[in-house]
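In this chain, residues are counted from 1 in sequence order. Keep in mind that this is a model prediction, so the values were computed, not measured.
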Amino acid sequence: MEPSETKISVGPKIEFFVTGFRPFLDHGTNPTVTLIEELKKLGEEITAPEKVGSYRLRDLRVLDVSVKACEAYYEEMREQIGSVISSGGIPVVVHLGVNFGGKQIDLELHGYNEATFRGADNEGVKKEKERIAKAFPLEHYFRTQLPIREICQTLDEKHPCCIKLSNDPGRYICNYIYYLSLKEGYSKGFPSLFVHVPPFTILEQERQSGIIADILSNIANHIKSEKAAETTTVVN
């Protein structure tokens with residue numbers, strides 16, 4: 001599970017906050033639990049500092065599939081994310097969720113302000129066409145701040161037919177936390193992404209683990225490249 005190794009000059013420190021989810025509804029397992037455990041094995045520092053894909057895994061955790069857990073996560077993470085920003089680093093939040101009907105890994109473009117649950121969450125909460133953020137209309141959405149089309153194209157060269165873009169994260173807990181994350185990111189100035197993965201019976205565990213590591217590395221790559229370009233423009 002080796003991340004990409006393109007080299008450029010050292011830029012700001014990229015600090016990732018990555019979440020997975022516990023099993024939910026009538027599903028006894030959730031592959032994102034295993035994917036988070038695999039990321040933990042990589043350790044804090046993923047690549048040497050001189051490599052563009054260098055980043056730190058600041059926080060890795062598995063959340064319960066509930067509105068309560070999603071909202072509690074951001075209450076807790078605000079201080080850590082603020083600390084990264086104030087120290088000159090760039091926090092990036094990546095959420096992993098499972099699509100049991102999926103055939104590949106989906107990079108979600110949007111998070112929507114609608115909560116419509118096909119079944120109760122793990123706390124027994126059921127929602128139907130409710131707004132996540134009361135200040136915005138039901139049809140409101142945020143788009144990921146990352147250059148996701150470019151990132152997807154880069155990843156597809158290494159992992160053909162395994163990754164695609166998606167406009168529909170559903171309206172269950174995956175979308176719920178993604179919308180919260182994007183809303184917070186637009187307010188505080190950090191990017192977020194939601195990644196839907198298929199079951200391991202569709203795309204095996206080892207391959208998924210490698211792709212997730214490459215997603216993180218490529219996000220860091222693009223952010224550092226953008227910052228390097230901004231610095232060059234200012235200097236010139």
Side-chain angles (χ1 to χ4, degrees), residues 16-22 24-25 30 32 35-36 59-78 80-81 85 90-102 104-119 121-123 125-152 155 163-198 212 215-216 218-219 222-223:
F16 280 96
F17 297 76
V18 188
T19 70
F21 281 116
R22 294 175 186 165
F24 61 99
L25 297 177
N30 190 322
T32 65
L35 294 173
I36 291 294
D59 187 271
L60 300 171
R61 66 178 66 190
V62 175
L63 305 178
D64 193 21
V65 180
S66 69
V67 169
K68 179 180 178 181
C70 292
E71 294 178 345
Y73 176 75
Y74 262 102
E75 286 298 321
E76 181 180 348
M77 286 300 103
R78 283 193 184 101
Q80 284 198 51
I81 289 171
I85 295 172
I90 299 176
V92 181
V93 179
V94 176
H95 302 293
L96 307 179
V98 61
N99 175 7
F100 283 101
Q104 68 283 307
I105 290 176
D106 292 331
L107 307 182
E108 300 292 350
L109 287 162
H110 305 109
Y112 298 87
N113 195 31
E114 179 185 341
T116 295
F117 297 174
R118 62 187 183 275
D121 70 12
N122 285 357
E123 291 280 338
V125 174
K126 184 81 163 60
K127 292 180 178 287
E128 181 70 27
K129 291 191 177 299
E130 293 187 33
R131 289 179 292 169
I132 298 170
K134 304 305 181 186
F136 295 99
L138 185 71
E139 63 273 14
H140 181 263
Y141 65 86
F142 287 109
R143 182 185 176 91
T144 179
Q145 306 94 320
L146 293 165
I148 201 62
R149 293 188 186 277
E150 292 88 342
I151 291 172
C152 188
L155 290 163
I163 304 167
K164 74 175 184 67
L165 298 177
S166 168
N167 283 306
D168 186 11
R171 299 297 185 271
Y172 191 48
I173 295 297
C174 291
N175 175 71
Y176 197 98
I177 197 168
Y178 195 24
Y179 186 84
L180 288 180
S181 185
L182 290 168
K183 179 175 177 291
E184 192 78 12
Y186 272 91
S187 172
K188 300 296 193 299
F190 64 87
S192 301
L193 179 65
F194 197 99
V195 180
H196 263 125
V197 303
I212 296 302
I215 288 172
L216 301 185
N218 275 276
I219 289 173
H222 279 269
I223 291 175

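- Taking each heavy atom of P198 and V98 in turn, the nearest pair found is C-CG2, 4.4 Å.
- Between R149 and L109, the closest side-chain pair of non-hydrogen atoms falls below 4.5 Å.
- Between the side chains of H110 and Y179, no donor N or O sits under 3.5 Å from an acceptor N or O.
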Donor-acceptor contacts, no H, no angles, side chain residues 62-73, under 3.5 Å, sequence neighbours left out:
unit_1	atom_1	unit_2	atom_2	d
D64	OD1	N122	ND2	2.8
S66	OG	A69	N	3.0
E71	OE2	Y176	OH	2.7

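- Applying the salt bridge (Lys or Arg N to Asp or Glu O under 4.0 Å) criterion to K134, with sequence neighbours excluded, gives no partner residue.
- For the residue pair P169 and Y112, the shortest heavy atom distance occurs at CD-CE1, 3.5 Å.
- The CD1 atom of I173 lies 5.0 Å from the CG atom of D121; values are rounded to the nearest 0.5 Å.
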Derivation and outcome, side chain to side chain contact (heavy atoms under 4.5 Å, CB included), residues K164 and D106: CA-CA 5 Å; K164 74 175 184 67; D106 292 331; 3.2 Å; yes

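- Ion pairing between a basic and an acidic side chain is recognised when a charged N comes within 4.0 Å of a carboxylate O; R171 and E128 show no such pairing.
- Taking CG of L180 as the start and CE of M77 as the end, the distance is 14.0 Å to the nearest 0.5 Å.
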Worked verdict on L146 versus I219 for side chain to side chain contact (heavy atoms under 4.5 Å, CB included): CA-CA 8 Å; L146 293 165; I219 289 173; 3.9 Å; yes

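- Partner of I215 under the side-chain contact (heavy atoms from CB on, under 4.5 Å) criterion, chosen from I151, V18, L193: L193.
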Worked verdict on K183 versus K188 for side chain to side chain contact (heavy atoms under 4.5 Å, CB included): CA-CA 9 Å; K183 179 175 177 291; K188 300 296 193 299; over 6 Å; no

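- More than 12 non-hydrogen atoms from other residues, nucleotides or ligands lie less than 6.0 angstrom from OH of Y74.
- S166 and E108 share a side-chain donor-acceptor pair at under 3.5 Å.
- Under the 6.0 Å cut-off for aromatic ring centres, F136 and F142 qualify, their centroids lying closer than that.
- Two residues are said to be in side-chain contact when any heavy atoms from C-beta on lie closer than 4.5 Å; Q80 and F17 meet this criterion.
- Put simply, the side chain of F190 reaches to within 4.5 Å of the side chain of E184, judged on heavy atoms.
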Pair L96-F21, side chain to side chain contact (heavy atoms under 4.5 Å, CB included): steps then yes or no: CA-CA 7 Å; L96 307 179; F21 281 116; over 6 Å; no

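- A distance-only check finds no donor-acceptor pair linking the side chain of N113 to the backbone of R131 [under 3.5 Å].
- Among residues two or more places apart in sequence or in another chain, the salt bridge (Lys or Arg N to Asp or Glu O under 4.0 Å) test is passed with K126 by none.
- Looking at N30, its side chain does come within 3.5 Å of a backbone N or O of R22 through a donor-acceptor pair.
- Counting all heavy atoms, side chain and backbone alike, Q145 lies closest to G185 at NE2-C, 3.5 Å.
- H95 is listed as a side-chain neighbour of S181, based on a closest heavy-atom distance under 4.5 Å.
- Under the 4.5 Å side-chain criterion, counting only non-hydrogen atoms from C-beta, Y186 is in contact with R143.
- Counting heavy atoms from C-beta outward, F16 and D59 have side chains that stay 4.5 Å or more apart.
- Without hydrogens or angle criteria, T144 side chain to S192 main chain gives a donor-acceptor distance under 3.5 Å.
- Residues I223 and P191 are in side-chain contact: their nearest non-hydrogen atoms beyond the backbone lie under 4.5 Å apart.
- Salt bridge annotation for K129-E114: present, with a cationic side-chain nitrogen under 4.0 angstrom from a carboxylate oxygen.
- Atom CG in L155 sits 6.5 Å away from atom CG in L107 (nearest 0.5 Å).
- F194 is listed as a side-chain neighbour of I177, based on a closest heavy-atom distance under 4.5 Å.
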